[in-house]
Amino acid sequence: MASAVLPEAASKVLTPETLRSAAKQSEGIHLVPLSLRRAVKKFLRAERQEAHMNRKVLLLSESFSRIKDANLQLMASSSRDLVDDPHRPVDHRSARWKIQSAYGDIGLKYREDETVAYVASRMPAVYSACHRVLREVRRRLPEFSPARVLDFGAGPGSVLWAMREVWPRSLERVNLVEPSKSMQRACQSLLQDLKNLPLIHSYDSIQALNRNLDKRDREHDLVISSYALGEIPSLSDRITVVRQLWDLTRDVLVLLEPGTPHGSKIITQMRSYILWMEKRKCRKSNDSSREVSSDVKSIAVERASLKSGAFVVAPCPHDGRCPLENTGKYCHFVQRLERTSSQRAYKRSKGEPLRGFEDEKFCFVALRRGKRPREAWPLDSMEFETLKERLAKRNPEDLIVDFEDQFETEADEESTFEDALVPYASDIAETSMFHQDDDDEEEQVRADLGGGWGRIIYTPLRRGRQVQMDVCRSTKRDGSEGAFERVVVTQTKNPTLHLQARRSLWGDLWPF
């Protein structure tokens, strides 16, 4: 029965040889584009604030720490007030936040020196995390090409730079919501030398966006909020902002936060809220459709039923409750990037030489409107050999060693001029320009959105001939419930999956 659900085109993909390519979601060390590095250098020279930049970066980091501590103190009181009376306003606010309206549309104000320090120290890392998340969304949704995008908490435009790398041709209009004027000016300055940009509009708040756009223009194919929800101190305001962002979403919503316990809790709360809200809408629509007879049922009700519902695209393979809640662990991922010259110049290390790379920890969730597709699980129709069976099938002639092949002949000693050349890094960069189609061919093998693909949460443990992995997986075929399990793969029982497990990294998928 399960094999009948899978299309014939996809059944050719799910083979033991292509499992590794479909499961790979992690990325090696990320190189910040040369255009972005040059734009940051030009911006820092134009601002002429390179004096005491190390101190400004340190003060910005301390400012983030103070906001984090204040939010943690307000979290308990805000949650209690929301449970006691959901309509009661929370009076305790962070000093740097200003309420724009009674609907919780708020924004963090940056000074000029804080904006310059942010661009010099934090923007490359935020860009790398956004690029990693959007790249995974593209791999999981190959037919998805957003034309209209909303970036909430845009800052200096880190998400916009990442979107240009992931979807360079589909972007038509990008709306930025950023309350800080200094951040808006920095974003405009960084983008001034780029060509073929989409139509970009900047707004101070979501209310300003709704006032200036018609109702039919408010829906966006992709809505993303990066590193913004964690700076909102009130849980009720945070929920209000996410509800507004979901109302502006036509297809996909992406929420991205720092990879801390606080950021993971925010992502878990917002994920649960959106899924609960859409389930409630589905129940109400089903009740209303039962009251109306089939002959009188309108087309509007049918269209509403098609758009109702939501499911998680990534990283969760299910739509149930997060299995890591109340366990002392939290779901996060790591993206390594090569530090830019500005980061190496202005960032400080704790008594040790500054490394040439940086590990950016992040949490995210990507949700899509509609219902999760029912797909067959990848290992349903596959049969694997044990190591004993594989060794029994070996051909005895393959075990004969030809000693003549161990010695070089005169023909082998003659080498061409090209083989004697010393390779340089620039040669690799130039040749990669002519082999961009190789990545496209590799990305044709993709994992579907069914519940048969688990997610590797932490670094796999490789011990001898066995590999241990912590995997978040779906326990039901429809992806309604999930669990957090320890998966152990040995070479003796399954050498094929053992080879894949040894090559798997933190953040990759695992087939079931």
Side-chain angles (χ1 to χ4, degrees), residues 67 71 74 78 81-82 85-111 114-115 146-160 163 172-188 198-257 266 269-270 273-274 277-278 281 307 310 367 369:
I67 294 175
N71 290 346
L74 290 171
S78 301
D81 294 338
L82 185 63
D85 186 3
H87 302 287
R88 177 184 175 185
V90 182
D91 298 330
H92 305 286
R93 308 285 184 186
S94 179
R96 298 179 63 191
W97 284 94
K98 180 180 179 181
I99 303 299
Q100 298 289 343
S101 67
Y103 298 97
D105 190 16
I106 49 187
L108 180 60
K109 304 294 184 180
Y110 281 87
R111 301 192 304 268
E114 292 176 336
T115 300
R148 299 177 59 88
V149 180
L150 171 62
D151 182 9
F152 176 76
S158 305
V159 174
L160 182 56
M163 287 189 298
E172 297 178 1
R173 182 188 177 102
V174 178
N175 293 324
L176 308 178
V177 177
E178 175 55 49
S180 180
K181 295 296 183 181
S182 61
M183 282 291 187
Q184 293 182 11
R185 289 192 293 269
C187 179
Q188 184 177 3
L199 185 63
I200 302 175
H201 289 275
S202 184
Y203 302 93
D204 297 336
S205 62
I206 298 181
Q207 275 73 22
L209 182 141
N210 291 331
R211 286 194 302 267
N212 292 284
L213 293 180
D214 297 335
K215 189 174 181 180
R216 64 177 181 274
D217 296 333
R218 294 175 187 172
E219 291 187 348
H220 300 78
D221 301 325
L222 173 64
V223 176
I224 180 170
S225 169
S226 62
Y227 292 77
L229 298 177
E231 298 173 343
I232 301 177
S234 172
L235 177 61
S236 58
D237 288 338
R238 199 179 296 139
I239 290 177
T240 303
V241 169
V242 171
R243 189 191 307 123
Q244 292 175 347
L245 295 178
W246 182 247
D247 292 338
L248 296 172
T249 303
R250 178 186 300 161
D251 200 350
V252 177
L253 171 66
V254 177
L255 305 177
L256 178 64
E257 290 298 318
I266 291 174
Q269 290 174 345
M270 300 303 106
Y273 175 76
I274 293 178
M277 181 175 59
E278 288 300 319
K281 288 182 180 179
K307 289 186 177 181
L367 300 117
R369 289 190 178 273

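From a predicted model like this one, the values you see are computed outputs, not experimental measurements.
In terms of heavy atoms, G153 sits closest to A228 at CA-CB, 4.2 Å. Closest approach of T115 and M183 over heavy atoms only: CG2-SD, 3.8 Å. Across R238 and M270, no two heavy atoms sit closer than the pair O-SD, 4.0 Å. The shortest non-hydrogen separation linking G155 to C187 is O-CB, 3.8 Å. Nearest heavy atoms, P198 versus R173: CB-N, 4.1 Å. When all heavy atoms of A208 and D204 are compared, the closest pair comes out as CB-N, 4.4 Å.
Taking CG of D151 as the start and OG of S158 as the end, the distance is 8.5 Å to the nearest 0.5 Å. For the atom pair S202 OG and R185 CZ, the distance stands at 11.0 Å (nearest 0.5 Å). Between the CD1 atom in I266 and the CD1 atom in I239 there is a gap of 11.0 Å [rounded to 0.5 Å]. Once rounded to the nearest 0.5 Å, the distance linking OG of S225 with CD1 of I232 reads 7.0 Å. Rounded to the nearest 0.5 angstrom, L209 CG and L176 CG are separated by 10.0 Å. Distance check: E278 CD to I274 CD1 gives 8.0 Å after rounding to the nearest 0.5 Å.
Between R250 and D221, at least one side-chain N (NZ, or NE/NH1/NH2) sits under 4.0 Å from a carboxylate O, which counts as a salt bridge.
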Intermediate values then yes/no, side-chain contact (heavy atoms from CB on, under 4.5 Å), N175 and R148: CA-CA 8 Å; N175 293 324; R148 299 177 59 88; 4.3 Å; yes
side-chain contact (heavy atoms from CB on, under 4.5 Å), that's the test. Do V149 and V159 meet it? Break it down for me. CA-CA 10 Å; V149 180; V159 174; 5.8 Å; no
Should H201 and N212 be marked as a side-chain contact (heavy atoms from CB on, under 4.5 Å) after you check the CA-CA gap, both sets of side-chain angles, and the distance that decides it? CA-CA 10 Å; H201 289 275; N212 292 284; over 6 Å; no
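With hydrogens and angles ignored, the 3.5 Å screen pairs a side-chain donor or acceptor of R369 with a backbone N or O of W246. Judged purely by atom type and a 3.5 angstrom limit, E178 has no side-chain atom pairing as donor or acceptor with the backbone of Q184.
Counting only heavy atoms from C-beta outward, the side chains of L367 and T249 never approach each other to under 4.5 Å. The shortest side-chain heavy-atom distance between V252 and P146 does not fall under the 4.5 Å cut-off. Using a 4.5 Å cut-off on side-chain heavy atoms (C-beta onward), V242 and Q269 make no contact.
With sequence neighbours excluded, the residues that form a side chain to side chain contact (heavy atoms under 4.5 Å, CB included) with R218 are N210, L213, L248.
Side-chain atoms of Y203 and R211 include no donor-acceptor pair closer than 3.5 Å.
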